[in-house]
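Throughout, a chain's letter reflects where its sequence line sits, starting with A, and its residues are numbered from 1.
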2 protein chains.
Amino acid sequence: MARTVKGPDARRERWKGHREQRRAEFVEATIAAVAKKGPDVGMEDVAAEAGVSKPVLYRHFTDKSDLYLAVGQKATEMLMERMGPALAADGPIRDRIVRIVDAYLSVIEDNPNLYRFVVKGSFVDRPVEKDVVQEDKNLIANTLARILGDYLRAFEMDSGGAEPWAHALVGMVQNAGDWWLDRQTMSRANLSDYLATIIWHAVDGLLRSAGVQADPAKPLTPLRLVD
Amino acid sequence: MARTVKGPDARRERWKGHREQRRAEFVEATIAAVAKKGPDVGMEDVAAEAGVSKPVLYRHFTDKSDLYLAVGQKATEMLMERMGPALAADGPIRDRIVRIVDAYLSVIEDNPNLYRFVVKGSFVDRPVEKDVVQEDKNLIANTLARILGDYLRAFEMDSGGAEPWAHALVGMVQNAGDWWLDRQTMSRANLSDYLATIIWHAVDGLLRSAGVQADPAKPLTPLRLVD
DNA sequence: AAGTAACCGTTACCTCAAGTAACACTTACC
DNA sequence: GGTAAGTGTTACTTGAGGTAACGGTTACTT
């Protein structure tokens, strides 16, 4: 039994990457299926779209909701790919707000079906836990909350509002986006601007109430104070 | 055949009120069942809760989603019962905002299960149409949009933002409410106040940009101009 | 008084999508 | 050659939504 100490059988490792790739493939298939057959696709449809039969799907996903969760995560990636830079970028504050909002809107504009599937959609049997959308929203909201909190503290203001405000902002943009996606009654640029306007006013008002005069055209970077 | 002209057979009319009452009864049963067994109740459960077997239910509701729709409408009623006055009431503008926001929060606080059932909930097979929640949100948003639009026009400002802003506000409060309902990390009064703060700032900012100086402690009633 | 249109309610079924069992074949490590 | 992973199939079970078919009750109509 002198089995060179460990070596946990390479046969198990051999597939590590492969499985992930396969999952990704099925996620793509789901998205494609959704695009084709609407948001009410079933596992059979997805399997068919992937050129495979159900049990194969179930080898990679324990569950329907597991698959949908993965789809949701993929969507999150796509979203973050565009929102991350916008969130991180510096620049004139109002432009920055516009860019963040517009990044979000551009994503849902480009993938309306996927979007609807994920947020409205048929998460048929989700047991309340594991709500991808909720997690996404939390992710973004938390990012925002951190940014807001930092600013508030930097100005020595009450930072207790950072979290609720962050969630409020997220909901605001999301809901306005939903509305816009349904009846596209104005251009994306217009909507982005309208939304940025009230967000800016809200931010500006907060700063004013702390005696700070901010210029929407200048990069608001009080965080530099911390350096 | 001298059948006194018409008289559309009183046997049909005899039940008119009764059916509605019965539906209401089942709606109540559904709410009770949701409270007991969580948001994943099935038709069987609901029927049992009402002390009845499935087919009876199906005599009054064509469909699962029909039942849930009715539940949603009931929820809308409950919501509107409290929000209506708050929306209509006059008074110091900031207080008014607080009251509207707080009215909403109080409803979801009092009926968290029902709320979750209706908005997150298992609208299993809804065919995208007939989304009660969406309709509710639209209802509120439209009310707001009308109010906002009137004010904007009264101040001779661009009223194009009224609709998106209304939807934005609705989403904002809703999402912040969701977040709060999950992890109740602050008092309702506190949250109401934080939310009212940014809403007020947003409103104030808009007015300022039109050269209007508003006092949050005074009732903003430029609409009187129209009298 | 008889007929009937609406309801009350039941048990037993159908249907359809999610999920599983059982079976057979392939590849590459041991 | 054995075996641990993966490939895939068809055919099944399960469970919840929804229906059929039956029988009883009430009170209007004729």
Side-chain angles (χ1 to χ4, degrees), chain A residues 1-26 29-30 33-34 37-69 121-127, chain B residues 1-26 29-30 33-34 37-69 121-127:
Chain A
M1 306 274 203
R3 200 163 158 262
T4 59
V5 179
K6 46 173 171 52
D9 195 339
R11 274 173 295 189
R12 203 177 310 149
E13 303 302 296
R14 209 181 95 212
W15 302 95
K16 275 280 147 96
H18 185 251
R19 286 197 61 98
E20 281 177 28
Q21 193 183 346
R22 211 75 213 291
R23 274 178 70 102
E25 181 189 330
F26 288 128
T30 307
V34 166
K37 316 194 57 172
D40 293 358
V41 282
M43 296 302 264
E44 194 94 46
D45 301 291
V46 173
E49 178 68 36
V52 137
S53 61
K54 269 195 297 174
V56 179
L57 217 50
Y58 281 99
R59 289 232 186 74
H60 296 272
F61 301 90
T62 70
D63 216 271
K64 192 179 179 178
S65 64
D66 187 28
L67 170 60
Y68 289 175
L69 191 75
S122 333
F123 271 116
V124 181
D125 50 353
R126 67 181 159 186
Chain B
M1 305 275 204
R3 201 166 158 262
T4 59
V5 178
K6 47 175 170 57
D9 195 338
R11 276 172 295 190
R12 204 179 308 148
E13 301 303 294
R14 209 180 94 211
W15 303 96
K16 274 281 148 96
H18 185 252
R19 286 197 61 98
E20 281 178 27
Q21 193 184 343
R22 210 76 212 288
R23 274 178 71 103
E25 181 190 329
F26 287 128
T30 308
V34 166
K37 316 193 58 171
D40 291 359
V41 283
M43 295 303 263
E44 195 95 45
D45 302 291
V46 172
E49 178 68 35
V52 138
S53 62
K54 269 195 297 175
V56 178
L57 217 50
Y58 281 100
R59 289 230 187 78
H60 295 273
F61 301 91
T62 70
D63 214 272
K64 191 180 178 175
S65 65
D66 187 27
L67 171 59
Y68 289 177
L69 191 75
S122 332
F123 272 115
V124 181
D125 49 353
R126 67 182 161 188

Q: State whether His60(A) places a side-chain N or O below 4.0 Å from either non-bridging phosphate oxygen (OP1 or OP2) of dG8(D).
A: no

Q. Rounded to the nearest Å, what distance is computed from the CZ atom of residue Phe61(B) to the P atom of nucleotide dG17(D)?
A. 15 Å

Q | Leu57(B) CG to dC7(C) P, straight-line distance once rounded to whole Å | A | 15 Å

Q) Can a donor-acceptor pair under 3.5 Å be found between the side-chain atoms of Lys54(A) and the base atoms of dG19(C)? A) yes

Q: Using both distances under 3.5 Å as the test, list the Watson-Crick or G-U wobble partner of dT30(D), or none.
A: dA1(C)

(Q) Rounded at 0.5 Å granularity, tell me how far CZ in Arg22(B) sits from CZ in Arg19(B). (A) 10.0 Å

Q. Does Ser53(A) make a side-chain N or O approach to OP1 or OP2 of dG8(D) shorter than 4.0 Å?
A. no

Q) Can you tell me how far CG of Leu57(B) sits from CD of Glu49(B), rounded to the nearest 0.5 angstrom? A) 11.5 Å

Q | Flag side-chain contact, heavy atom, 4.5 Å: Val46(A) against Lys64(A) | A | no

Q. Rounded to the nearest Å, what distance is computed from the CD atom of residue Glu25(A) to the P atom of nucleotide dG8(D)?
A. 8 Å

(Q) What is the distance, to the nearest angstrom, from the CZ atom on Arg23(B) to the P atom on dC7(C)? (A) 13 Å

Q.
In whole Å, I'd like the distance from the CG atom of Asp63(A) to the C1' atom of dA18(C).
A. 9 Å

Q: Ignoring hydrogens and angles, answer whether the base of dG6(D) and the side-chain atoms of Arg19(A) contain a donor-acceptor pair closer than 3.5 Å.
A: no

Q. So Phe26(A) and Phe61(A), would you call those rings parallel, tilted or perpendicular, with 30° and 60° as cut-offs?
A. perpendicular

Q. Is the backbone N or O of Val41(A) less than 3.5 Å from a side-chain atom of Asp45(A), with the two atoms forming a donor-acceptor pair by type?
A. no

Q.
Output the rounded distance in Å from OH (Tyr58(B)) to C1' (dT15(C)).
A. 12 Å

Q. What is the distance, rounded to the nearest whole Å, between atom CZ of Arg22(A) and atom C1' of dT27(C)?
A. 15 Å

(Q) Please pick, from dG9(C), dT10(D), dT11(C), the nucleotide with the shortest atom-to-atom distance to any side-chain atom of Pro55(B). (A) dT11(C)

Q.
Base of dG9(C), side chain of Arg59(B) - is there a donor-acceptor contact under 3.5 Å?
A. yes

Q: Take the protein atom CG of Asp66(B) and the nucleotide atom P of dG18(D), then report the distance between them rounded to whole Å.
A: 10 Å

